[in-house]
Amino acid sequence: MNSAVMTGTDKAALKVLAVHRYYWPDTPPYASMLKQIVGQWVKDGHDVDVLSSQPSYKSAVENSRQAARETIDGAQVIRLKLPHESGRPIVRILNALRLGVGVIFQAVIRKRYDVLMVSTAPPVLAGWFVALAAKLSGARFIYHCMDIHPEIGRISGEFRNPRVFNLLSRMDSWSCSQARPVVLLSSDMADSLVARGAESQLQTRVINNFSLPSDALEAGDLPFTWPDEPFVLLFAGNIGRFQGLDILMDAMELLRGRGDIRLLMMGEGVERNSLERIAEEKGLSVTFVGHHSVEVAKQAMKRAQAGFVSLIPELYRFAYPSKTMTYLEQGCPVIVAVEPESQLAKDITDNGAGLSVPGGNAEKLADAIGRLASNTADLMAMRSRAESLANHSFTEQVVLKKWSALLVENQK
């Protein structure tokens with residue numbers, strides 16, 4: 001173990017390998033989040049490597065090829081050449097296996113580490129391979145579960161085959177049993193792991209995400225025309241099956257007589273064409289502007305009167321939408337359509353940073369939107385409380401301090 005001493009921690013520096021399918025400058029949110037975590041560990045005095053791949057998250061995004069090995073923010077980044085896999089399940093499986101072999105080679109054969117950390121991309125297999133590498137090499141294993149698989153895969157239909165689901169569940173349960181600890185985004189997610197009942201000596205820790213890192217953007221730099229309506233409800237993110245966004249179209253139909261309200265949909269996904277067709281056929285006050293950068297999304301959140309977050313039933317047990325923190329950071333109150341007992345709903349309502357309605361209830365959602373649009377005083381108070389909540393709980397400084405402490409706990 002490196003004998004250097006870290007400032008302010010009185011712990012020896014650690015050799016760390018962080019593994020994820022994608023890394024900055026690739027475009028998925030976790031690619032940038034991991035860069036901030038890794039950068040913090042380097043600042044703390046640790047020797048950190050990253051094992052990832054060439055930018056390949058979205059084939060439509062022109063990310064230039066990066067060096068196979070380079071230093072970013074003091075960490076050595078090792079990139080495997082893995083092809084685009086969206087819509088190509090066989091390629092996805094092969095990429096996961098190649099990444100797993102790369103982990104074994106890097107962490108067991110080429111270099112020994114004190115700590116191995118991985119998130120859930122690719123799901124299940126990444127965690128299993130890194131847990132195996134940790135067991136073979138004697139390293140501590142940290143499992144950062146941004147969502148819980150294979151449960152989410154069963155909901156989406158990806159792992160609907162019971163034999164496949166059971167195999168993946170056993171694999172992930174073993175991985176979780178090896179982790180010290182499993183890091184999750186909410187108490188709901190932690191409870192879901194405990195409810196599996198198969199993990200022995202399960203250790204969990206809740207550390208939620210911070211707002212997505214981004215560069216500054218001038219107020220007038222939006223690449224689309226901002227709506228004229230005085231109340232703009234913004235949805236920014238993936239327009240997919242997990243969001244249950246048909247309810248939002250139903251609510252906007254109920255609000256069709258309100259000329260002061262417009263819904264702005266920012267993002268892409270498998271449900272966009274269907275929702276856009278519904279909005280057009282019914283003449284709803286809905287504008288779709290496509291996918292934009294984090295910088296543009298943040299500027300839109302700052303301008304919007306409220307943001308919207310929703311999940312299909314039961315999904316809150318296995319995921320927590322990280323865009324919630326980005327809304328809050330911009331002082332944007334949030335309307336959440338999710339089970340009221342969820343931590344997501346409680347985070348918003350207990351702190352007065354927005355409103356919560358039951359998922360699937362278009363009437364209550366329409367009523368919540370209408371009430372906010374009609375009450376400027378309440379809206380302004382919520383904006384202030386949203387920003388206060390973000391500053392207290394979800395800034396990089398607050399969250400990265402938890403990652404610093406987590407890395408060195410129980411260190412001999």
Side-chain angles (χ1 to χ4, degrees), residues 1-20 22-24 29-52 71-78 107 111-121 126-127 130-131 133-134 137-146 176 178-187 189-190 203-214 320 322 324-326 328-329 347 389-412:
M1 185 179 293
N2 194 318
S3 60
V5 177
M6 298 179 295
T7 303
T9 61
D10 197 29
K11 300 284 186 179
L14 298 171
K15 290 181 287 186
V16 183
L17 178 66
V19 180
H20 194 257
Y22 307 102
Y23 195 69
W24 183 91
Y30 192 77
S32 295
M33 290 185 184
L34 182 59
K35 178 176 179 288
Q36 302 305 105
I37 295 171
V38 166
Q40 181 62 49
W41 284 344
V42 171
K43 290 178 183 177
D44 292 340
H46 302 294
D47 174 13
V48 187
D49 294 342
V50 177
L51 181 63
S52 186
T71 300
I72 299 177
D73 295 341
Q76 184 182 59
V77 180
I78 304 157
K111 181 177 177 179
R112 290 299 177 105
Y113 295 90
D114 302 302
V115 180
L116 305 182
M117 195 265 273
V118 70
S119 185
T120 42
V130 176
S137 65
R140 176 188 172 199
F141 171 46
I142 298 175
Y143 195 8
H144 190 192
C145 286
M146 295 285 288
C176 290
Q178 303 301 304
R180 298 292 181 270
V182 183
V183 180
L184 303 126
L185 306 185
S186 71
S187 57
M189 295 172 68
Q203 294 185 16
T204 63
R205 183 73 53 81
V206 174
I207 301 179
N208 215 324
N209 289 330
F210 45 85
S211 173
L212 289 176
S214 67
Y320 190 110
S322 294
T324 307
M325 290 74 179
T326 310
L328 296 172
E329 179 196 49
D347 283 345
L389 173 58
N391 291 335
H392 181 267
S393 301
F394 303 125
T395 64
E396 280 190 33
Q397 182 180 9
V398 169
V399 177
L400 291 179
K401 186 179 295 186
K402 295 178 181 179
W403 279 103
S404 291
L406 176 73
L407 187 63
V408 299
E409 69 182 17
N410 301 324
Q411 183 181 344
K412 296 179 180 179

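As a basis for the values below, the full set of heavy atoms in this structure was taken, side chains included, without hydrogen atoms, waters or symmetry mates.
For K401, the NZ atom sits in a loose shell: 12 or fewer heavy atoms of surrounding residues, nucleotides or ligands are nearer than 6.0 Å.
In this structure, the separation between CD on Q76 and CG on L51 is 10.5 Å, given to the nearest 0.5 Å. Summarising the geometry, atom CG belonging to L184 is positioned 7.5 Å from atom SG belonging to C176; distances are rounded to the nearest 0.5 Å. Between atom CG of residue L212 and atom CE of residue M33 there is a gap of 4.5 Å, rounded to the nearest 0.5 Å. If you take CG on L406 and CZ on R180, they are separated by 13.0 Å, rounding to the nearest 0.5 Å. Taken from CG in L328 to NE2 in H392, the straight-line distance is 13.5 Å, to the nearest 0.5 Å. Rounding to the nearest 0.5 Å gives a distance of 5.5 Å between CG of L185 and CE of M146.
Listed for the S52 side chain is a donor-acceptor partner under 3.5 Å among the backbone atoms of Y23. N209 contributes no side-chain N or O that, together with a main-chain N or O of S322, makes up a donor-acceptor pair within less than 3.5 Å. A donor-acceptor pair under 3.5 Å links the side-chain atoms of H46 to the main chain of L14, judged by distance alone. Side-chain N or O atoms of T71 include none that pairs as donor or acceptor with a backbone N or O of G74 at under 3.5 Å.
Counting only heavy atoms from C-beta outward, the side chains of V19 and M117 never approach each other to under 4.5 Å. Side-chain contact between I37 and L400 is present, with heavy atoms from C-beta onward closer than 4.5 Å. For the pair F394/E329, no side-chain contact is recorded, criterion being any heavy-atom separation below 4.5 Å from C-beta on. Contact of the K15 side chain with the V115 side chain is not registered, since no non-hydrogen atoms from C-beta on lie closer than 4.5 Å. Residues Y143 and V130 fail the side-chain proximity criterion, which asks for heavy atoms closer than 4.5 Å. Residues V50 and I78 fail the side-chain proximity criterion, which asks for heavy atoms closer than 4.5 Å. With a 4.5 Å cut-off on side-chain heavy atoms, C145 and V182 count as touching. Between I142 and L407, the closest side-chain pair of non-hydrogen atoms falls below 4.5 Å.
A search for salt bridge (Lys or Arg N to Asp or Glu O under 4.0 Å) contacts involving R112 returns nothing, not counting sequence neighbours.
Ion pair E409/R140 flagged as a salt bridge, since at least one NZ, NE, NH1 or NH2 atom sits closer than 4.0 Å to an Asp/Glu carboxylate oxygen.
In this structure, A190 and V206 approach most closely via the heavy-atom pair CB-CG2, 4.4 Å. What you find for S119 and A126 is that their closest heavy atoms are O-CB, 4.0 Å. Heavy atoms only, all atoms of each residue included: S137 and L116 are closest at OG-CD1, 4.5 Å. Summarising the geometry of V399 relative to S393, their closest heavy-atom pair is CG2-O, 3.9 Å, with the distance given to 0.1 Å. Closest non-hydrogen pair, A107 versus A133, comes out as CB-CB, 4.2 Å. Contact record, V118 with G127: CG1-CA, 3.9 Å, taken as the closest heavy-atom pair.
Looking at H144, Q40, Q36 one by one, the single match for side chain to side chain contact (heavy atoms under 4.5 Å, CB included) with W403 turns out to be H144.
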Problem set entry | Worked verdict on V16 versus V38 for side chain to side chain contact (heavy atoms under 4.5 Å, CB included) | CA-CA 9 Å; V16 183; V38 166; over 6 Å; no

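The closest side-chain donor-acceptor pair between D49 and Y113 falls under 3.5 angstrom.
In this pair, H20 and Y30 present their aromatic rings tilted. The plane angle is within the 30 to 60° band.
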